[in-house]
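What follows is a short report on a single structure.
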Amino acid sequence: MGIFHGPGGLLAVLDRVLPQRRTKASPTAHALVGAAGRVVTPIPRGGYGEVLFSVRGRPLKYAARARTPLAFGAQVRVSAALSPSAIEVAHLGPAADGCP
């Protein structure tokens with residue numbers, strides 16, 4: 001039996017030989033407070049939608065709720081973290097709850 005056969009085979013060898021790539025973890029919802037994004041799944045009154053952000057060049061989506069319903073494409077800013085994976089957002093506009 002050669003080096004590339006047996007349990008794991010080539011994958012086991014490569015895992016031992018190649019350096020491990022370290023990936024940066026996605027930011028928590030708390031780290032996004034103040035960040036701007038856009039609605040990609042409409043946020044209904046009293047419910048959740050989704051907001052897309054670009055973090056270090058990577059697209060990230062978070063579950064989001066808002067005080068008022070928000071349509072697809074609305075520009076928003078994170079006003080609070082609700083859980084590690086859910087946020088509250090405010091619409092960016094003339095009356096955007098104090099957001100610029």
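Keep in mind that what you see is a predicted model, and the values were worked out from it rather than measured.
Under the 4.5 Å side-chain heavy-atom criterion for ILVMFWY residues, a single connected hydrophobic cluster contains both Ile87 and Val55. Grouping the Ile, Leu, Val, Met, Phe, Trp and Tyr side chains by contacts below 4.5 angstrom, directly or via other members, places Leu82 apart from Val78. Val33 and Val39 end up in the same hydrophobic cluster when Ile, Leu, Val, Met, Phe, Trp and Tyr side chains are linked at under 4.5 Å.
When atom types are taken as modelled, the side chain of Arg77 and the backbone of Ala35 share no donor-acceptor pair closer than 3.5 angstrom.
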Would Ile43 and Val76 count as a side chain to side chain contact (heavy atoms under 4.5 Å, CB included) if you check the C-alpha gap in whole Å, the side-chain angles of each, and the deciding distance to 0.1 Å? CA-CA 11 Å; Ile43 302 172; Val76 296; 5.7 Å; no

For residues 47-54, run the donor-acceptor check on the side chains, cut-off 3.5 Å, and write out each pair with its distance to 0.1 Å, sequence neighbours left out.
{"from": "Glu50", "atom 1": "OE1", "to": "Thr41", "atom 2": "OG1", "distance (Å)": "2.8"}

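Within the structure, every pair that satisfies the salt bridge (Lys or Arg N to Asp or Glu O under 4.0 Å) test and touches residues 81-90, not counting sequence neighbours, is listed here: Arg65-Glu88. Pairs of residues two or more places apart, or lying in two chains, never qualify as salt bridge (Lys or Arg N to Asp or Glu O under 4.0 Å) while including a residue from residues 27-39.
The shortest heavy-atom contact between Ala86 and Ala29 is O-CB, 3.6 Å.
When the side-chain contact (heavy atoms from CB on, under 4.5 Å) test is applied to Thr68, the partners found at least two apart in sequence or on another chain are Leu70.
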